[in-house]
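What follows is a set of notes on a single structure, which appears directly below.
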Amino acid sequence: MRDTLTAVITETVESLIADGRLRLASVPDVHVERPRDPSHGDWSTNVALVSAKSAGMVPRDIAAMLAAELRQRLAGVAEAIEIAGPGFINVRLARDVVADVVTRIRDEGDSFGAGERTGKLVQVEFVSANPVGPLHVGHGRWAALGDSIARILEHAGDDVQREFYVNDAGVQMDIFAASVSARYLELCGVEAEFPEDGYRGTYIIDIAREIFDAEGTCWIEATAENREAHFKEQAYTAVLEHLKRVLSGMGVGFDVWFSERTLHAAGADGVTAIERGIARLREAGYLYEQDGALWFRSTDFGDDKDRVLKKADGSYTYFAADIAYHADKYDRGFDLVIDIWGADHHGYVKRMEAAVAALGHPGKLEVIIGQLVNLFRNGEVVRMSKRTGEMVTFEDLLDEVGVDAARYFFLRRSTDQPVDFDIALAKERSSENPVYYVQYAHARICSILRKASGADTADESVDVAAVAEGIAAGPAELALLGSEPGTLAGEAELGLLRKLAEFPEVVAIAARQRAPHKLATYAEDLAATFHGFYTHCQVVVDDPALRNARLALADASRIVLARALGLLGVTAPERM
RNA sequence: GCGCCCUUAGCUCAGCCGGAUAGAGCGUCUGACUACGAAUCAGAAGGUCGCAGGUUCGAAUCCUGCAGGGCGCGCCA
């Protein structure tokens with residue numbers, strides 16, 4: 001509708017210029033928006049204000065001229081076109097046009113609000129936690145974030161691939177192995193020194209015990225090197241399984257688990273991916289040697305300082321591997337790569353962007369920085385100690401509050417805002433908890449549909465979708481919605497229709513801004529609008545036409561609520 | 001010191017491709033269950049949008065400077 005109006009208004013302005021009634025050098029960009037205040041109608045444009053100065057006219061005069069013309073051109077679509085304030089032109093749509101959204105939603109179902117397929121292939125890489133320990137709550141947020149962004153982009157029309165980068169190479173893996181080894185020896189009753197910078201979490205002991213139970217004391221005699229090499233793989237596998245289990249348990253699946261080790265392994269030509277990546281940068285002329293190390297001149301691309309790729313001792317930095325990794329991504333044909341990193345890595349963004357640009361893909365990397373999560377319980381900060389390894393893991397949190405509440409709380413806030421997560425509140429099944437507020441609206445609609453089928457509202461055998469399918473509401477019935485404007489019932493119906501019509505725009509904006517929280521805000525808004533409709537309008541009334549019209553409206557609300565929640569990865573229960 | 005993010009109601013936050021009287025939840029105060037789920041709804045009170053300039057017909061929104069808070073600045077990963 002917005003596009004239609006924009007086009008019609010633009011044509012109107014053009015014709016006014018053509019017959020000389022409006023003196024403008026060029027046609028202004030027509031901006032059509034939804035007024036905040038519903039009394040201003042469904043749509044509003046500010047063209048008169050924008051063109052006033054260059055046309056040398058008073059805004060309201062231009063508006064009057066345009067409005068007169070638009071009343072002709074929009075006959076049948078618009079019920080009223082008015083001038084308001086300093087020169088806005090407000091368009092109130094005809095009621096049948098407004099009510100038509102119900103038919104569209106019920107026809108399109110889950111694909112309502114979907115964008116045209118763009119053919120664009122986007123990769124979203126997220127979580128990518130080091131496989132040396134359990135996920136913490138921050139990882140949980142980034143998992144929810146990446147997954148939701150992927151869902152939203154898919155709905156908006158892109159093709160999306162989800163990827164997890166496994167940092168299974170590097171010194172943290174050695175420290176990890178040494179930590180397990182020390183715990184293992186302790187279990188064997190052997191005096192062992194715990195590594196200075198080792199991982200002190202109790203999960204290390206659990207892993208060591210698993211090995212001890214399965215393989216006994218046979219590794220006591222082995223050299224530290226052999227023992228740790230063996231333990232590294234055992235422990236790595238255990239942690240990787242944990243990661244996969246927890247993530248899939250919250251409904252987050254990855255298309256690719258990309259192992260960093262593959263970048264260090266020589267291919268058929270005996271060359272590693274890291275070396276190939278470095279060679280590409282060298283050919284492009286961005287490398288130099290200094291102090292025995294190999295440097296990347298990232299300052300050419302706005303980084304604060306140049307970065308080392310190959311250390312003086314001959315080993316590669318993490319960054320070198322990451323460059324090879326990103327080179328590989330673009331080799332795989334992605335049009336856009338989105339990396340989601342924790343706030344603690346934001347200092348790394350510029351060099352990565354520099355590397356991607358140097359590889360010949362400027363602008364094709366987008367790094368989203370997810371802020372952290374602060375845990376509370378009844379308003380008290382939950383303390384966690386890195387030193388002792390005492391912490392609430394993400395798995396603990398999921399066990400306690402459930403997937404829906406966890407995902408919803410993580411996504412409710414904008415990405416660049418830290419989340420204060422109150423465990424007690426997330427568990428609370430009350431009005432204070434927004435996730436239940438939205439889900440309740442959905443369950444309530446399902447209950448109405450069960451009622452409408454003639455069954456008891458609690459009858460679990462009723463197939464809600466089938467009942468919805470059977471509701472016949474054509475233009476004649478839908479015309480009853482909002483037919484009594486000015487009454488509480490009429491306004492409630494119209495308000496709900498308008499709110500439903502906003503959904504496609506919300507999806508588009510959320511996709512463009514990579515902002516799942518817009519869906520959460522919208523879902524709460526829609527739920528509130530529905531609750532208002534519910535209080536003012538009896539749905540299951542005797543008059544069959546009005547009943548079907550309201551049932552169809554409720555059904556459309558159900559579909560959109562479920563879709564909004566679905567894009568957040570939150571379920572829409574039929575009863576609670 | 002440099003870089004990024006944040007600063008809106010008592011609290012937690014939306015609103016930010018510039019628009020009309022700045023919104024929601026919680027908390028406080030009033031009301032509404034003999035109708036489809038009260039996990040709900042209706043209403044009241046509550047704000048110099050951190051400060052100062054600038055751009056504009058118009059700024060919470062864009063630009064600059066300043067102040068306060070968070071995070072990051074390794075030949076670690």
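A note on names: the letters A, B, ... follow the listed sequences, proteins ahead of strands, and every chain is numbered from 1.
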Does the plane of the ring in Phe164(A) sit parallel, tilted or perpendicular to the ring in Trp257(A)? Use 30° and 60° as the thresholds. parallel
Integer angstrom distance from the P of rG54(B) to that of rC71(B): 35 Å
Below 4.0 Å: OP1/OP2 of rA14(B) and any side-chain N or O of Gln417(A): yes
Using only side-chain N and O atoms of Thr535(A), determine if any of them is under 4.0 Å from OP1 or OP2 of rA32(B). no
Base, sugar-phosphate alone, or nothing: which one does Ala293(A) contact when heavy atoms must sit under 4.0 Å apart? base
Does any donor-acceptor pair link the side chain of His531(A) with the base of rC41(B) at a separation under 3.5 Å? no
Using both distances under 3.5 Å as the test, list the Watson-Crick or G-U wobble partner of rC11(B), or none. rG25(B)
Looking for any heavy atom pair under 4.0 Å, which part of the strands does Phe319(A) touch: base, sugar-phosphate only, or nothing? nothing
Looking just at side-chain N and O atoms, do Asp168(A) and Tyr236(A) make a donor-acceptor pair shorter than 3.5 Å? yes
Could you state the interatomic distance from OG (Ser298(A)) to CD (Glu353(A)), rounded to the nearest 0.5 Å? 11.5 Å
Under 4.0 angstrom, heavy atoms only, what part of the nucleic acid is Thr457(A) near: base, sugar-phosphate, or nothing? sugar-phosphate
Can we say Glu233(A) and Arg261(A) salt-bridge, meaning some charged N sits less than 4.0 Å from an Asp/Glu carboxylate O? yes
Rounded to whole angstrom units, what separation is found between the NZ atom of Lys518(A) and the P atom of rG23(B)? 17 Å
Between P on rG74(B) and CH2 on Trp295(A), what's the gap in Å once rounded to a whole number? 10 Å
Just to confirm, is there a sub-4.0 Å distance from OP1 or OP2 of rA77(B) to any side-chain nitrogen or oxygen of Tyr348(A)? no
What orientation do Tyr165(A) and Tyr325(A) show, parallel under 30°, tilted 30 to 60°, or perpendicular over 60°? parallel
Whole angstroms only, please: what is the NE2-P distance between His346(A) and rG72(B)? 8 Å
Pick base, sugar-phosphate or nothing for Val539(A), based on heavy-atom distances below 4.0 Å to the nucleic acid. base
At 4.0 Å (heavy atoms only), tell me whether Cys537(A) reaches a base, stays on the sugar-phosphate, or touches nothing. base
At under 4.0 Å between heavy atoms, what does Ala443(A) touch on the DNA or RNA strands: base, sugar-phosphate, or nothing? base
Can you confirm whether Arg412(A) sits close enough to Val435(A) that some side-chain heavy atom of one is under 4.5 Å from a side-chain heavy atom of the other? no
Hey, which sits more toward the 5' end of RNA chain B by its nearest nucleotide, Glu524(A) or Asp291(A)? Glu524(A)
Using a heavy-atom cut-off of under 4.0 Å over every strand shown, decide if Gln172(A) touches base, sugar-phosphate, or nothing. sugar-phosphate
If only side-chain N and O atoms of Arg307(A) are considered, is one of them under 4.0 Å from the OP1 or OP2 phosphate oxygen of rC75(B)? no
Does Ala84(A) reach a base, just sugar-phosphate, or nothing at all? Heavy atoms under 4.0 Å. base
When rounded to whole Å, the CD to C1' distance for the pair Gln439(A) and rG37(B) reads 15 Å
Pair Asp306(A), Tyr288(A): side-chain N/O donor-acceptor within cut-off below 3.5 Å: yes
Under 4.0 Å from OP1 or OP2 of rG37(B): is there any side-chain N or O of Tyr437(A) that close? no
Measuring to OP1 and OP2 of rC73(B), would you say a side-chain N or O of Lys350(A) lies under 4.0 angstrom away? no
Tell me: CZ of Arg413(A) to P of rU8(B), nearest whole Å? 13 Å
At 4.0 Å (heavy atoms only), tell me whether Val349(A) reaches a base, stays on the sugar-phosphate, or touches nothing. nothing
pair_partner(rC73(B)), Watson-Crick or wobble, both distances < 3.5 Å, evaluates to rG1(B)
Using a distance-only criterion (donor-acceptor N/O pair, under 3.5 Å, no hydrogens), is the base of rG19(B) paired with the side chain of Asn46(A)? yes
Would you mind classifying the nucleic acid contact of Asn90(A) as base, sugar-phosphate or nothing, using non-hydrogen atoms under 4.0 angstrom? base
OP1 or OP2 of rG72(B) under 4.0 Å from side-chain N/O of Lys305(A): no
Pairing partner of rG68(B) (Watson-Crick or G-U wobble, both distances under 3.5 Å): rC6(B)
Between rA24(B) (P) and Asn433(A) (CG): distance, integer Å: 20 Å
NA contact type, Ser44(A), heavy-atom cut-off 4.0 Å: base, sugar-phosphate, or nothing? base
Using atom CG of Asp304(A) as one end and atom C1' of rC4(B) as the other, report the distance to the nearest whole Å. 10 Å
Quick one: label Arg412(A) by what it contacts on the DNA or RNA (base, sugar-phosphate, nothing), any heavy atom closer than 4.0 Å. nothing
Please report, rounded to the nearest Å, how far the P atom of rG23(B) is from the CZ atom of Arg36(A). 6 Å
Among rU56(B), rC36(B), rG72(B), the one nearest any side-chain atom of Lys451(A) is rC36(B)
Please confirm whether the shortest side-chain N or O distance from His517(A) to OP1 or OP2 of rC13(B) is below 4.0 Å. no
For a quick check of understanding: with a heavy-atom distance under 4.0 Å over all strands, which category does Met173(A) fall into, base, sugar-phosphate or nothing? nothing
